[in-house]
Amino acid sequence: MKDEKPHSLDRRQFISSSALVAAGLLLTQSACEKKESDSTVNEASFKGPLVVSTWAPNVKANAAAWKVLEAGGSALDAVEQGVYIPEADPEDSSVGLGGLPDRDGKVTLDACIMDHNGNCGAVLALENILHPISVARMVMEKTAHVMLAGAGALKFALENGFEAVDLLTPESEKAWKEWLEDSEYDPSITPEKIMQRIKESHDTIGMLAIDKNSDISGACSTSGMAFKLAGRVGDSPIIGAGLFVDNEVGAATGTGVGEEVVRICGAHTIVEQMRMGKSPADACKEAIRRIIQHNGDKAQRLQVGFIAINKDGEIGAYSTLPEFSYAVQQSGKEPEVFKSDSWFDKWPED
Ligand code: SD4
């Protein structure tokens, strides 16, 4: 276990994003150039833009969000456009098209979005829609509700001009059929499996952005835990768990075993910790500490990672286990990728 004090931002492990791009965005140990870096913008009144996403491959998503922000667009538009990238990527087996299905072979998507006014919208267990994040935004903007689930969410999407598409790719179907052979479900992903997923460049996207007006928005999109029970919903579409934005304080989002995030109201906990004065990194660490406390030894096999930003443009992250990465883009800097500090120094051996 690491010392109680999380590393300050300038001691974070830095991964050159240009190296990642050159390596086809594969995050491997050898591609991880560890350098001293400080991507913090410590100004009294921080003016964006800034965008931060879970997982290294989402430098591509950040680039799409950055286009919107650079042109003076809103953080809300930026996070929606950014999240489109993994949602439409068939190679990303944790989000949108090509997402791994539930144990009945159905791809069911969870997504939510929240803006600087505290408006929010979410879809849960939505099938056959390429961009669940836009349906979540439409729930926010065009209904009196916050969440729509399952068949109702699909009906709403189709009635509002979204097209039905088949999201199960041949690769995901193959993976599901292989899984059916022994049908074991273990949310405590083994190191090999998570390394494989990282190498294959995918996992749930949580994205936070600050625009030129200093307004914050966030979005989160996932196909959820692979081979989950039909109807299972994780943290990602739950406002306060997978995502929370408070324009006075900051925002947080996460990835990993959603049940653990829901149990501690992860993103809201982090924002409230920042409100009480903690840095984003310390606030993320406090949320992780609660997960560790609930789970005892079992926590050593549960990956959860959080990212957070505050109103001053400070960025922080923390995870239960190593290998959680996040991507950052901000004014005057090249896109960057960092490895988060983690509670445990290594994955268990077996
Ligand atoms: C879930 N938090 O459905 C999501 C899964 C995830 O990377 O983040 N995978 O529980």
Side-chain angles (χ1 to χ4, degrees), residues 17 25 39 48-70 73-89 92 94-96 99 109-116 119-123 131-137 140 201-211 215-223 234-247 250-256 258 261 266-267 270-271 280 284 305-310 313 315-317 324-330 335-338 340:
S17 64
L25 293 170
S39 72
L50 165 69
V51 59
V52 188
S53 297
T54 53
W55 300 109
N58 286 322
V59 286
K60 291 181 287 182
N62 282 1
W66 192 252
K67 266 193 198 154
V68 176
L69 294 169
E70 239 187 346
S74 69
L76 184 64
D77 286 340
V79 295
E80 182 183 25
Q81 294 289 321
V83 164
Y84 278 2
I85 302 298
E87 283 184 343
D89 181 354
D92 186 325
S94 299
V95 183
L109 305 179
D110 298 333
C112 72
I113 195 160
M114 189 162 189
D115 76 7
H116 63 285
N119 298 312
C120 48
V123 286
H131 290 303
I133 200 65
S134 291
V135 186
R137 182 169 177 175
M140 171 174 98
S201 304
H202 50 72
D203 233 311
T204 294
I205 183 166
M207 177 180 272
L208 310 171
I210 306 182
D211 62 28
D215 286 330
I216 308 174
S217 286
C220 190
S221 186
T222 189
S223 50
D235 60 315
S236 304
I238 307 298
I239 295 294
L243 174 72
F244 196 70
V245 175
D246 183 321
N247 208 43
T253 186
T255 176
V261 178
I270 292 166
V271 171
C284 290
F306 292 114
I307 58 171
I309 56 175
N310 68 16
I315 303 158
F324 172 52
S325 60
Y326 59 104
V328 175
Q329 190 153 352
Q330 58 189 311
E336 297 164 294
V337 171
F338 297 92
S340 156

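Minimum heavy-atom separation, A267 to G242: CB-C, 4.1 Å. A pairwise comparison of heavy atoms in C120 and I239 identifies CB-CD1, 3.7 Å as the closest pair. Nearest heavy atom pair, residue I85 against residue A64, reads CG1-CB, 3.7 Å. Listed here is the closest heavy atom pair of A78 and A65: O-CB, 3.3 Å. Looking at every heavy atom in both residues, A56 comes nearest to A327 through O-CB, 4.1 Å. Residue A61 comes nearest to P86 through the heavy atom pair CB-CD, 4.0 Å, listed as atom of the first residue, atom of the second, then distance.
A distance of 11.0 Å separates CD1 in I205 from OG in S236, rounded to the nearest 0.5 Å. Rounding to the nearest 0.5 angstrom, the gap separating the CE atom in M114 from the CE atom in M140 is 9.5 Å. Once rounded to the nearest 0.5 Å, the distance linking NZ of K60 with CG of D92 reads 8.0 Å. Note that CG of L243 is 10.5 Å distant from CD1 of I270, once rounded to the nearest 0.5 Å. Of the inter-residue distances, the one linking E80 atom CD with M207 atom CE reads 11.5 Å to the nearest 0.5 angstrom.
Under the 3.5 Å distance criterion, the side-chain polar atoms of S223 are matched with a main-chain donor or acceptor of S94.
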Applying salt bridge (Lys or Arg N to Asp or Glu O under 4.0 Å), run through D115 and R137 and close with a yes or a no. CA-CA 10 Å; D115 76 7; R137 182 169 177 175; over 6 Å; no
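Looking at L76, V245, V135 one by one, the single match for side-chain contact (heavy atoms from CB on, under 4.5 Å) with I113 turns out to be L76. The ring-ring contact (aromatic ring centres under 6.0 Å, His included) test with W55 singles out one residue from Y326, F338, F324, and that residue is F324. The only option from T253, N58, I315 that meets the side-chain contact (heavy atoms from CB on, under 4.5 Å) definition with V52 turns out to be I315.
By the 4.5 Å heavy-atom criterion applied to side chains, L50 and L69 are not counted as neighbours. You'll find the side chain of V337 reaches within 4.5 Å of the side chain of V59, heavy atoms only.
For A111, the side chain to side chain contact (heavy atoms under 4.5 Å, CB included) partners two or more places apart in sequence, or in a different chain, are V123, P132, I133, S221. In this structure, F306 has no ring pair (Phe, Tyr, Trp, His ring centres under 6.0 Å) partners at least two apart in sequence or on a different chain. By the side-chain hydrogen bond (donor to acceptor under 3.5 Å, both in side chains) test, T222 is found to be paired with T204, residues two or more places apart in sequence or in another chain being considered. Annotation: side chain to side chain contact (heavy atoms under 4.5 Å, CB included) contacts of A75 (sequence neighbours excluded): A209, D211, S217. Considering only residues two or more places apart in sequence or on other chains, S53 meets the side-chain hydrogen bond (donor to acceptor under 3.5 Å, both in side chains) condition with N62. Residues satisfying the side chain to side chain contact (heavy atoms under 4.5 Å, CB included) test with H116, not counting sequence neighbours, are D215, N247.
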